[in-house]
Amino acid sequence: MTTTHPESSAALPQYEVYAIRYATREGRRQNHFVGGDPHDAPMPMDYYVWLVRGDGREFVVDTGFGAEVARKRGRTLLRTPGEGLALLGVDAAQVRDVIITHLHYDHVGTFDTFAAARFHLQDAEMAYATGRHMRHRQFNHGYEVDEVTGMVRLVYKDRVVFHAGDAELAPGLSVHHIGGHTHGLQCVRVHTRRGWVVLASDTSHFYEHFEKRRVFTTVFHVGQAVEGYDALARLADTPAHIVPGHDPLVMHRYPAVSPELRDIAVRLDVAPSE
């Protein structure tokens, strides 16, 4: 696990980090926790991609999904991930580095619009998404076969960069294998002006998952998921530096990039309001 010392942190780049909301859907509490929930109350889910910018580089974290998959899966697409990035001045076709936290449809869809990118992926995720466990609906329902095979095709074009565990992609920016939700799920650690921020992605869908050590219903290994919350705590400066992957509260706790982008894009390198 990465160890951070105050003197080394001071010399690291301070990245800007953005969450871009591109889709949403309705949901209920009982759908989001292993074992259900005693309160049958609404609990909607938002979908994000993330942008890390600084030190002369840009990294996009995950590539969302597009209109076809939104229709197929009953999601409300608000804008394509590329359109969301364009609102921050980023041309998806020109992005050089994309981190794919895992290969579920809402994290790797539209990858083909990132025509110049290398895709950073865990070895374990590719093995999982193409291996024996995909025989079972419990594990394969989060994947789109064409997207998985599309990523395999990019391997043959030398556009996938594989990682086995923790890896530093740039000074102050690293990926960390967590597992749990999928076998190869990874989170992203970023050094910012407010310290070390962790983009949890689906290592914690909602704040409540890591705060109360509950687990989302789509899961490969419950033990890894629960242990993963300890990893998030080690990697982040404080719990307030952990950003969950699907919680609508992210849009409320962090400041909008601009008044025009309210409910669309927020700054994660700025301290949350609560």
Side-chain angles (χ1 to χ4, degrees), residues 20 22 47-52 57-73 77 80-86 90-170 173-189 199 201-203 218 220-221 224 245:
I20 303 166
Y22 72 90
Y47 296 83
Y48 302 98
V49 295
W50 299 272
L51 172 66
V52 178
R57 299 183 68 176
E58 291 178 332
F59 290 81
V60 170
V61 180
D62 291 338
T63 61
F65 57 75
E68 182 178 351
V69 168
R71 287 191 296 270
K72 176 180 177 180
R73 292 182 177 259
L77 186 69
T80 67
E83 289 168 344
L85 287 163
V90 175
D91 180 357
Q94 301 300 317
V95 171
R96 306 298 298 182
D97 288 282
V98 173
I99 299 167
I100 299 294
T101 62
H102 60 304
L103 291 170
H104 275 175
Y105 76 94
D106 52 327
H107 295 267
V108 73
T110 84
F111 73 88
D112 53 335
T113 64
F114 293 79
R118 302 179 304 165
F119 295 87
H120 296 269
L121 184 70
Q122 287 286 326
D123 278 318
E125 182 64 7
M126 181 62 83
Y128 177 62
T130 58
R132 66 170 61 210
H133 295 290
M134 292 303 104
R135 296 174 300 145
H136 308 294
R137 175 67 180 167
Q138 170 64 26
F139 304 128
N140 70 28
H141 74 273
Y143 294 91
E144 290 287 330
V145 173
D146 288 344
E147 294 167 358
V148 174
T149 57
M151 194 58 56
V152 171
R153 292 180 187 278
L154 291 185
V155 173
Y156 280 78
K157 296 180 180 180
D158 194 23
R159 289 182 55 200
V160 179
V161 181
F162 286 103
H163 303 286
D166 301 348
E168 184 179 71
L169 306 191
L173 177 64
S174 54
V175 295
H176 301 266
H177 179 214
I178 302 293
H181 175 62
T182 73
H183 187 46
L185 176 63
Q186 61 184 351
C187 68
V188 183
R189 187 185 196 223
L199 302 177
S201 184
D202 287 5
T203 63
T218 297
F220 175 65
H221 194 298
Q224 287 180 351

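Quick note: residue numbers are just sequence positions, from 1. From a predicted model like this one, the values you see are computed outputs, not experimental measurements.
A donor-acceptor pair under 3.5 Å links the side-chain atoms of Arg159 to the main chain of Ala117, judged by distance alone. Of the possible donor and acceptor atoms, none in the side chain of Ser174 sits under 3.5 Å from a partner among the backbone N and O of Ala167. Between the side chain of Gln186 and the main chain of Ile100, a donor-acceptor pair closer than 3.5 Å is present. At least one donor-acceptor pair closer than 3.5 Å links the side chain of Asp62 to the backbone N or O of Thr101.
Residues Thr80 and Thr110 fail the side-chain proximity criterion, which asks for heavy atoms closer than 4.5 Å.
The two residues Leu77 and Gly66 have their closest heavy-atom pair at CD2-C, 3.8 Å. When all heavy atoms of Phe220 and His183 are compared, the closest pair comes out as CE2-ND1, 3.6 Å. Residues Ala93 and Ala116 approach most closely at O-CB, 3.4 Å, considering heavy atoms.
Between His163 and the choices Gln122, Glu125, His176, Glu168, the side chain to side chain contact (heavy atoms under 4.5 Å, CB included) rule is met once, by Gln122. None of His107, His221, His102 except one satisfies the ring-ring contact (aromatic ring centres under 6.0 Å, His included) rule with His181; the exception is His102.
Cation-pi geometry between Arg73 and Phe65 is not satisfied (NZ or CZ under 6.0 Å from the ring centre, within 45° of the ring normal).
Taking the side chain to side chain donor-acceptor pair (under 3.5 Å) definition, one finds that His133 meets it with nothing, sequence neighbours left out.
The number of heavy atoms from other shown groups lying within 6.0 Å of CZ (Arg57) is above 12.
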